[in-house]
Every structure is written in C-alpha cells, then in structure tokens.
Number of protein chains: 2
Amino acid sequence: MVDKEEYRARIIRTASRIFSHYGFRKTTMEEISQALKKGKSSIYYYFQSKEEIFEAVVLYEANQLRRRLTAAIKEVDSPPDKLRNYIYVRMREFAKLSNYYNAVFDKNLDHFEFIEKIRARYDREELAIIRLLVYVGNNRGSFAVEDSEYTAMAIQTMLKGMEVPLFWRRREIDINYRLEAILTLIFNGILKKQ
Amino acid sequence: MVDKEEYRARIIRTASRIFSHYGFRKTTMEEISQALKKGKSSIYYYFQSKEEIFEAVVLYEANQLRRRLTAAIKEVDSPPDKLRNYIYVRMREFAKLSNYYNAVFDKNLDHFEFIEKIRARYDREELAIIRLLVYVGNNRGSFAVEDSEYTAMAIQTMLKGMEVPLFWRRREIDINYRLEAILTLIFNGILKKQ
DNA sequence: AACAAAGTGGAACAAACGGGTCGGATATTC
DNA sequence: GAATATCCGACCCGTTTGTTCCACTTTGTT
C-alpha cells in the first residue's frame, strides 16, 4: 500500500506531540490511538511496539534538527555569521525537539540502545559541520586558527557543556547569558585581530 | 508544630508545579514525594490523600489569582484602565494557573465537588469587583451605564465566553485578537461619548 | 460477484503501576 | 529517657497499560 508509509508518518507526528508533552513513560498507546481516532490495536499494524514508535519519533526529530541547522548555515554568508547562526539554532531547537532531547538525557530512558547510535552519529556529523565552518572561515580570512579539527572539537565540547544547564531548565536569562558568553568567547578567541 | 503548616505549603507549591505539567491523573504521589526528597508515605502525614493535595493546590492558585487581580486594579488609577488591567490579567493568569484552570474545565475532574464551590465563590467575588469598577467609573464620569449590576453581569458573561477558546489552546494571536475585540466592545459601549 | 489482501478494533491478559495503609525506625522536644 | 513528632520500607489490591488474538469490515482485483 502506498499510504502505509504516509500513515506511519502521521502516527509519528501525532506521537511526537504527545510524547513531548508527557514523556515516553506517561504517554499511553490509548492516547496516541485516540488522537489518531483509531483503535489501540490498529497502531500495531504500523508499528511493532511503543518503543518502536518512540524510536521513529526521535529519528524524525533528529532529522528535523539536521534540516534546520543546514538551513541556518545557508541563511547567511559570512563564516562568523554562519557559526553564530548554527549555535543559536542548535541551542534553540535542541530544547524544542524535546523527544530527541529527552532521549539523549533522560536517565529513565537509558535502556534504549538506539539512542546511543543516533547520538554518536549526530556528534560525528556536527563535528564535520563545525570543522568545515571553521576551515572555510579560515580560508576566507575571517578566522585565524591553526588546526580546524582541533578547534572544531573544542567548540563542540563547549556546546555540549551548554546542554547540561539547558537540561536543568534554568531561567531563560541564564541560558541566554551563557550563550552570549560562549559566543563572545569563541569569537574573540577565534577572530583575526585587525 | 509551627512548621507543619509551612511544610504543607511547600508540598503545595511542589505539587502545583508537577500537577500543572502532567495534570492530576498523570501525577503520582511517588513523583511529588521524590521532588520533596521524602518517602511517599511521609506525604500522608501532611495530607490525607492525593485529592486533598490537589484541592489545596487549586485553592492556593485561586488565592494567587485573587491577589494578582487585586494588585492589577490598584496598579492604575482611572476606571477604564482598572477594568482593562483587570481583564488582561485575568486572561493571562487564568491560563497560567493551570491547576485551577484544569480543575474548572477538565471533564475528567468533574467528580471533585470542591471545584464547584470554589468556582461559585470566585464568580460571586468577581461580579462584586466588576460591579464596583463599573460603579466607581460611573460616578467618576468615565462610564455612563444605567445599571451597574446588570452591566457587570454582562461583562462577566463575556469574560466567561472567552475562557472557552482559551481552553481550546488556540493560537496566541487569536486569543489576543478576541481580547482586543472584547475590550473595544466593552469600552465603546460603555464609555461616555464626549 | 467473488475473493484475497489490507486495515480495523473489541476483548482478553499478564505485568506493572500507583494510591493508600501499617508498623516500626529515627529525630526532636521536654 | 519517656513522649511525641516525623519519616519510611514493605506491602496490599484494584486499576492501568502494552501487547496479542481474532473476527470484522473495507478496499482493490479479476
């Protein structure tokens, strides 16, 4: 059937909404099926288990994140703007795509093996992106760094460090403050002094 | 003990936070006690049941609403401003104090009898406030209405009418648009033509 | 029309969950 | 050190929930 995939996508979108509100544990198959106006057992025609739905949801959000980050980079031209945009969007979206987010952080969910894989893949891709941004910025004369690889890793580490307080749900101001601080730090340490 | 009441208050604040996120049903006693870093059974030393906690939470939020509304009125001086302020704050806070809010609207919660009482009391008080605002505005020459009581009831009815779409969680814009429309209507129909 | 395949949902069930109880442990007060 | 206030682990038991089974309707094909 052609629209079986489409229906799977619909389930994913719906489940994503509910999961992101209540979390994996508190979301029931009953709720998902009700939101879809189907019988609970019908869902099992499209997915093997609740866990499989969650996996699909997290994958879906991870792709969404990737798409938005790519768009954010293309949006502007100069390397510093690209990097700044990337970091901003990363921080903002990361908290918004809460299933991906919880999947990565929630201790109660650490029995899902697929999370580790997704996370590892994302890390690899992100490092490549940052490395490229730094490299291009260097070539264009915006940045002045010795080793793109090493610098990219340092930046990524900083970004990871910001995820933790993000997870703690501190005050917005605090987050923004940290974000600004990190950006200033990165740019002041990276921009060619004129 | 002096701080038994204080501890009850702490439970209420904590429970309020969790209830407002997950709703009455999905919030467990386990979670509340964990958030308080106490054993589950310890909570029962302060409250008889989960329902009693919820009742206290709703009452707490109702009082908070009352306090903020009173403050909103005192904040400005002219009667039209007072009324405008009152309505704005009412709408904004109502959605924020989500337990009170859900208590009043959630169909799954209609077996709580205390809700009816709180609601009735709030209605009475609100009517009195609006009546007074209208009456004073009338005396001060800002408004020109025949019967304060009747007008106050009409305004309250309008406000109630706005709670429904508020409950539907429509777009912010829609809500604000309605709010403006209602305000314009009330004021244009109420302000003395010069 | 007839038949297979795709899709649906009600019923049933085992496992887990969750509100509430109880008896005793531990801390505090006098 | 007795009396009282506070806390908690272990348990109870009705309810919830993920999943399966199977009979059913719907859809597409010949």
Side-chain angles (χ1 to χ4, degrees), chain A residues 1-58 99 102-103 106-114, chain B residues 1-58 99 102-103 106-114:
Chain A
M1 222 21 10
V2 177
D3 33 75
K4 182 157 181 178
E5 262 317 303
E6 181 153 332
Y7 202 85
R8 275 177 62 102
R10 215 186 121 203
I11 293 177
I12 290 170
R13 284 194 304 273
T14 302
S16 168
R17 212 187 56 229
I18 307 179
F19 277 141
S20 69
H21 192 137
Y22 295 116
F24 177 76
R25 185 89 188 298
K26 292 191 182 220
T27 298
T28 72
M29 293 297 280
E30 187 69 40
E31 279 172 312
I32 297 176
S33 61
Q34 272 181 12
L36 290 160
K37 285 172 183 130
K38 286 282 156 67
K40 186 169 55 156
S41 23
S42 300
I43 310 291
Y44 285 87
Y45 183 74
Y46 300 93
F47 289 94
Q48 304 244 17
S49 66
K50 186 185 177 185
E51 184 172 329
E52 196 184 289
I53 297 180
F54 186 66
E55 181 170 339
V57 163
V58 171
N99 294 307
N102 285 326
D106 196 332
K107 279 178 198 159
N108 302 343
L109 265 42
D110 58 5
H111 52 96
F112 294 110
E113 341 64 42
F114 74 89
Chain B
M1 225 12 22
V2 177
D3 33 77
K4 183 157 180 177
E5 262 315 303
E6 181 154 331
Y7 203 86
R8 275 176 62 101
R10 213 184 124 204
I11 294 177
I12 289 169
R13 285 195 304 274
T14 302
S16 169
R17 210 188 57 230
I18 307 180
F19 277 141
S20 69
H21 192 135
Y22 295 116
F24 178 76
R25 183 92 188 297
K26 292 197 179 210
T27 298
T28 72
M29 293 298 278
E30 187 69 38
E31 277 173 313
I32 296 177
S33 62
Q34 273 182 11
L36 289 159
K37 286 173 183 127
K38 286 281 156 67
K40 183 171 60 156
S41 16
S42 300
I43 310 292
Y44 286 89
Y45 182 72
Y46 299 94
F47 288 94
Q48 305 243 15
S49 65
K50 185 185 178 185
E51 183 171 331
E52 197 185 287
I53 297 180
F54 187 65
E55 182 170 337
V57 164
V58 171
N99 294 307
N102 285 327
D106 197 332
K107 279 179 200 159
N108 302 344
L109 265 41
D110 58 6
H111 52 95
F112 294 109
E113 341 64 42
F114 73 90

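By convention in this document, chain letters (A, B, ...) are assigned in the order of the sequence lines, proteins followed by strands, and residues within each chain are numbered from 1.
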S.K.: Rounded to the nearest Å, what distance is computed from the CD atom of residue B/Glu30 to the C1' atom of nucleotide D/dA10?
M.R.: 13 Å
S.K.: Within less than 4.0 Å of OP1 or OP2 of D/dT16, is there a side-chain N or O belonging to A/Arg25?
M.R.: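 The answer is no; no side-chain N or O of A/Arg25 sits under 4.0 Å from OP1 or OP2.
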S.K.: Using whole Å, report how far NZ of A/Lys4 lies from C1' of C/dT8.
M.R.: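 Whole-Å distance recorded here is 13 Å.
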S.K.: Output all residues satisfying salt bridge (charged side-chain N to carboxylate O under 4.0 Å, His left out) with B/Lys50, sequence neighbours left out; order by chain, then residue number.
M.R.: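 None.
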S.K.: Show the nearest heavy-atom pair for residues B/Asn99 and B/Ser16, with the distance to one decimal.
M.R.: ND2-O, 3.0 Å
S.K.: Expressed in angstrom and rounded to an integer, what is the separation of B/Ile18 atom CD1 from C/dG18 atom P?
M.R.: 13 Å
S.K.: Could you measure the distance from the NZ atom of A/Lys26 to the CZ atom of B/Arg25? Nearest 0.5 Å is fine.
M.R.: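 If I round to the nearest 0.5 Å, the distance is 11.0 Å.
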S.K.: C/dA6 C1' sits how many Å from A/Glu6 CD, rounded?
M.R.: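 Checked: the CD to C1' distance equals 16 Å.
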S.K.: Does anything in residues 47-55 of chain A reach DNA chain C, meaning a heavy atom under 4.0 Å, and if so which residues?
M.R.: none
S.K.: To the nearest angstrom, how far is A/Asp3 atom CG from D/dG28 atom C1'?
M.R.: 12 Å
S.K.: A/Met29 CE to C/dA16 P: how many Å, rounded?
M.R.: 18 Å
S.K.: Test: salt bridge (charged side-chain N to carboxylate O under 4.0 Å, His left out). Region: residues 12-22 of chain B. Which pairs qualify, not counting sequence neighbours?
M.R.: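 Qualifying pairs, neighbours excluded: none.
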S.K.: Would you classify A/Thr27 as touching base, sugar-phosphate or nothing, given that sugar-phosphate means primed atoms plus P, OP1 and OP2, and contacts are heavy atoms under 4.0 Å?
M.R.: sugar-phosphate
S.K.: Going by the rule side-chain contact (heavy atoms from CB on, under 4.5 Å), which residues pair with A/Thr27 if we only count those two or more places apart in sequence or in a different chain?
M.R.: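 Partners of A/Thr27 under the side-chain contact (heavy atoms from CB on, under 4.5 Å) test: A/Ile18, A/Phe19, A/Tyr22, A/Glu31, A/Ile32.
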S.K.: Rounding to an integer number of Å, can you tell me how far B/Ile11 CD1 sits from D/dT6 C1'?
M.R.: 12 Å
S.K.: Using salt bridge (charged side-chain N to carboxylate O under 4.0 Å, His left out) as the criterion, list what pairs up with B/Glu55, not counting sequence neighbours.
M.R.: none
S.K.: Determine all donor-acceptor pairs shorter than 3.5 Å in which one atom belongs to a side chain in residues 34-48 of chain A; sequence neighbours excluded.
M.R.:
from	atom 1	to	atom 2	distance (Å)
A/Gln34	NE2	A/Glu30	OE2	3.3
A/Lys38	NZ	A/Tyr7	OH	2.8

S.K.: Specify the angle, to 10°, made by the local axes at the two ends of the helix from C/dA1-D/dT30 to C/dC30-D/dG1 when five pairs are taken at each end.
M.R.: 30°
S.K.: Kindly state which residues belonging to residues 34-46 of chain B come within less than 4.0 angstrom of DNA chain D, counting heavy atoms of the residue only, listed by number.
M.R.: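 Correct list: B/Lys38, B/Gly39, B/Ser41, B/Ser42, B/Tyr45, B/Tyr46.
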S.K.: Measure NZ/B/Lys26 against P/D/dT16 and give the value in whole Å, please.
M.R.: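 From B/Lys26 NZ to D/dT16 P: 13 Å.
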S.K.: Kindly write out the residues that satisfy ring pair (Phe, Tyr, Trp, His ring centres under 6.0 Å) with A/Phe114, not counting sequence neighbours, or none if the list is empty.
M.R.: A/Phe112
